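Okay, so here's the structure we're looking at.
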Amino acid sequence: MRYSQYFLITTKETPAEAETVSHQLMLRAGMIRKVATGIYNYLPLGLRSIRKMEQIVREEMDRSGAIELHMPMVVPGELWRESGRWEKYGKELLRFKDRKDAEFCLGPTHEEVVTDIIRNLVRSYRQLPLNVYQIQTKFRDEIRPRFGLMRGREFIMKDAYSFDMDDTGANLAYQKMYDAYCRIFERCGLKFRAVEADSGAIGGSSSHEFMVLAESGEDAIVSCDSCHYAANVEKAELLFREVGTPQPSEELRKVATPDQRTIEEVAAFLNIPPARLVKTLVVRTDAGEVLAVLLRGDRELNEIKLCHVLNCNAVEMAPEEVVREVTGAPPGFAGPVGLKVKILADNEVRGLADFVTGANEEGFHLMGVNNGRDFSVAQWGDLRIASAGDPCPRCEGGHLEMWRGIEVGHVFKLGTKYSAALKATVLDENGESVTPIMGCYGIGIGRTVAAAIEQNHDENGIVWPMALAPFQVLVTAINPNQENIRTAAEQLYADLQAAGIEVLYDDRDERPGSKFKDADLIGIPLRITVGDRGLKNGEVELLERRGGVKTMLPVAGAASRVAEMVREALR
RNA sequence: CGGGGCGUAGCGCAGCCUGGUAGCGCACCUGCCUUGGGAGCAGGGGGUCGGAGGUUCAAAUCCUCUCGCCCCGACCA
């Protein structure tokens, strides 16, 4: 591609709308342009990287035995009613009506549609196992889209769905996808980890998330420093180690703590560490039940774990009037002693004695509080968020480290949630109806490309891994108006193309400085500079974007040498 | 949804407080010049100042409403 003929507009200044590096660089490099919140144009350069990603995914999915198809983006509401998700999915599901007033939605995921296909077309166990996938534009009306392609409302996703006759088959399908995902992200040149995850709104029994490690990641993950355990913090289990019931040594007493509401304030006021406090959170479930949760003062509630314990879909912090009603005090002074509602407590609280809690009275806290003597807990459980240094739940002696990551892929075992809801059945070898067991597997295409930039950039721009680079080689003619330079550059361009290399040829009548700045910004892995300096010795200069290594190559063998380097990088 | 901020040329911004014929840098166009890290000179085009209403002789500027965008929060008692 000749740069002068291409549609590539870069900017020197960083657009004000962008916060994260990948977003800024994708805008500046002319890869994307915003149309509306969370909705983007893919400009030619950006589309090339997107297509690269899609192709890698396609190849690895095909290799794993999955079969590509394509489902509609516009989905009848009726199918979503059948699964029950029309009511459950919430505002992320963009709904609308057609001219006949029939309900539709933009598909945020396609379990319903794919299950509909299977129940209509698959009759016999002989047709299974089956794993079908598509690469498609999805729409989720996110609460807060941000970071460019990282969290858009409209985005490109690869979604795959497996159908098996039994658990053994389903587990095998899951493992195949897990392996395929590892190959995909390895081919992209990304540093990533597969972590245990909560299966969330999609449902199902177990799942792994594929996390690209990056400081700017929206997710926190933990991993063990001595074994292979890794999990999303939402999921990370914590061991309960029986420490025996601690003996109270203090009397219960009330202390004035005027205007001291937060853990930090109370701890500072009483001059004790936050870990000596027990916080009492008044929560309300989506079913309307109000209860209290106790946690050590320096810990945080894991709402997902709490939901699992309570068997509900969501919990929220109770609004102030509810807190007042339940505790008799404004927020900031809640405590378990004398509380009217059911009390749940994190396992860790079992080992505490003589702690501090709110007094359920404005301006007062209690000291010397003890479980059993002063109040009783209805239910114990693992309710808190893991933190760095917690013991590993899987091995002896290991401790958890914390990372930040970007979720680029997710694999789920779904069980029969959708196949049962949509009454998909096939006949087994005995002629019995069996509900197939499903799995679903997603990869965020645009998000992976953005994550690759988060992980591969420097102060001058993007440093593409070869596999995702929009072009593999950039040929820069220092001065295309100069006969010998143009001739040599054109020849190199032709030779590289003939060798099957994706090459961008900067033939613009611009000053070298601008061309070099653009080159760094768009981050093509290999840059060949053709100018007088080298040509007088019959050479051109090769610059590797990553590492900045410069090598002089003889003009004659340059194309084949560079072509070989590209192939080497893709191996 | 709550809080904060911003909408002025394609991009980045000033002007607004204190109303008086809309500016700067980059980009773009023409010409000259220049060609190894975003050159220089000269000339030029481009804006219903997000939208609607109001106040005023006069509104980018003041008032009201509205739309859009960005950030934070929606997890702590």
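All of these numbers come straight from a predicted model, not from anything done at the bench. The sequence lines fix the lettering, A, B, ..., with proteins before strands; numbering per chain opens at 1.
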Whole-Å P distance, B:U34 and B:A39 = 16 Å
Does A:G513 reach a base, just sugar-phosphate, or nothing at all? Heavy atoms under 4.0 Å. sugar-phosphate
Sugar-phosphate only, base, or nothing, as touched by A:K515 at under 4.0 Å among non-hydrogen atoms:
nothing
Check this one for me: any side-chain N or O of A:R511 less than 4.0 Å away from OP1 or OP2 of B:G37? no
| message | Can you tell me whether the side chain of A:R28 and the base of B:G38 have a donor-acceptor pair closer than 3.5 Å? | response | yes
Give one of base, sugar-phosphate or nothing for A:A477, where a contact means two heavy atoms less than 4.0 Å apart.
nothing
As its Watson-Crick or G-U partner within any shown strand, both distances under 3.5 Å, B:A77 has none
Ranking B:A77, B:C70, B:G38 by distance to the side chain of A:K34, first place goes to B:C70
Next item on the list: With heavy atoms under 4.0 Å as the rule, sort A:V266 into base, sugar-phosphate or nothing.
Entry: nothing
Checking N1-N3 plus N6-O4 or O6-N4 for Watson-Crick, or N1-O2 and O6-N3 for wobble, each under 3.5 Å, the partner of B:C69 is B:G5
Checking only heavy atoms, does the side chain of A:N481 share a donor-acceptor pair with the base of B:U35 at less than 3.5 Å?
-> yes
**Prompt:** A:L295 near the nucleic acid: base, sugar-phosphate alone, or nothing, with a heavy-atom cut-off under 4.0 Å?
**Reply:** nothing
Next item on the list: Would you mind classifying the nucleic acid contact of A:R146 as base, sugar-phosphate or nothing, using non-hydrogen atoms under 4.0 angstrom?
Entry: sugar-phosphate
Check: Reckon A:I143 touches a base, only the sugar-phosphate, or nothing at all at heavy-atom distances under 4.0 Å?
Finding: base
Contact class for A:V283 vs. all strands (heavy atom < 4.0 Å): base, sugar-phosphate, or nothing? nothing
Notebook entry, point to check: Using a cut-off of 4.0 Å on non-hydrogen atoms, how would the nucleic acid contact of A:G297 be classed: base, sugar-phosphate, or nothing?
Noted result: nothing
By side-chain contact (heavy atoms from CB on, under 4.5 Å), A:I272 pairs with (sequence neighbours left out) A:L270, A:R276, A:L277, A:V356
B:A59 -> Watson-Crick or G-U wobble partner, both distances under 3.5 Å, gives none
Classify the nucleic acid contact of A:E541 as base, sugar-phosphate or nothing, counting any heavy atom under 4.0 Å across all strands shown. base
note: A:E510, atom CD; B:U35, atom P; distance rounded to Å ~ 15 Å
Aromatic ring centroids of A:F471 and A:Y6 under 6.0 Å? yes
message = When you measure from the side-chain N and O atoms of A:R261 to the phosphate of B:A77, is any distance below 4.0 Å, counting only OP1 and OP2?
response = no
Q: For A:G531, report the nucleic acid contact type (base, sugar-phosphate, nothing); a contact means any heavy atom under 4.0 Å.
A: base
Report task. Assign A:R284 to base, sugar-phosphate, or nothing according to its heavy-atom contacts below 4.0 angstrom with the strands shown. Result -> nothing
Item checked: Under-4.0 Å salt bridge between A:E17 and A:R146 -> no
Across every strand shown, the nucleotide meeting Watson-Crick or G-U wobble geometry with B:C26 (both distances under 3.5 Å) is B:G10
Would you list the protein and nucleotides 10-14 of chain B atom pairs, both N or O, that sit under 3.5 Å from each other?
{"unit_1": "B:G12", "atom_1": "OP1", "unit_2": "A:A16", "atom_2": "N", "d": "3.0"}
{"unit_1": "B:G12", "atom_1": "O2'", "unit_2": "A:E13", "atom_2": "OE1", "d": "3.4"}

* To do: Ignoring backbone atoms, test whether A:T327 places a side-chain nitrogen or oxygen under 4.0 Å from the OP1 or OP2 oxygen of B:A77.
  => no
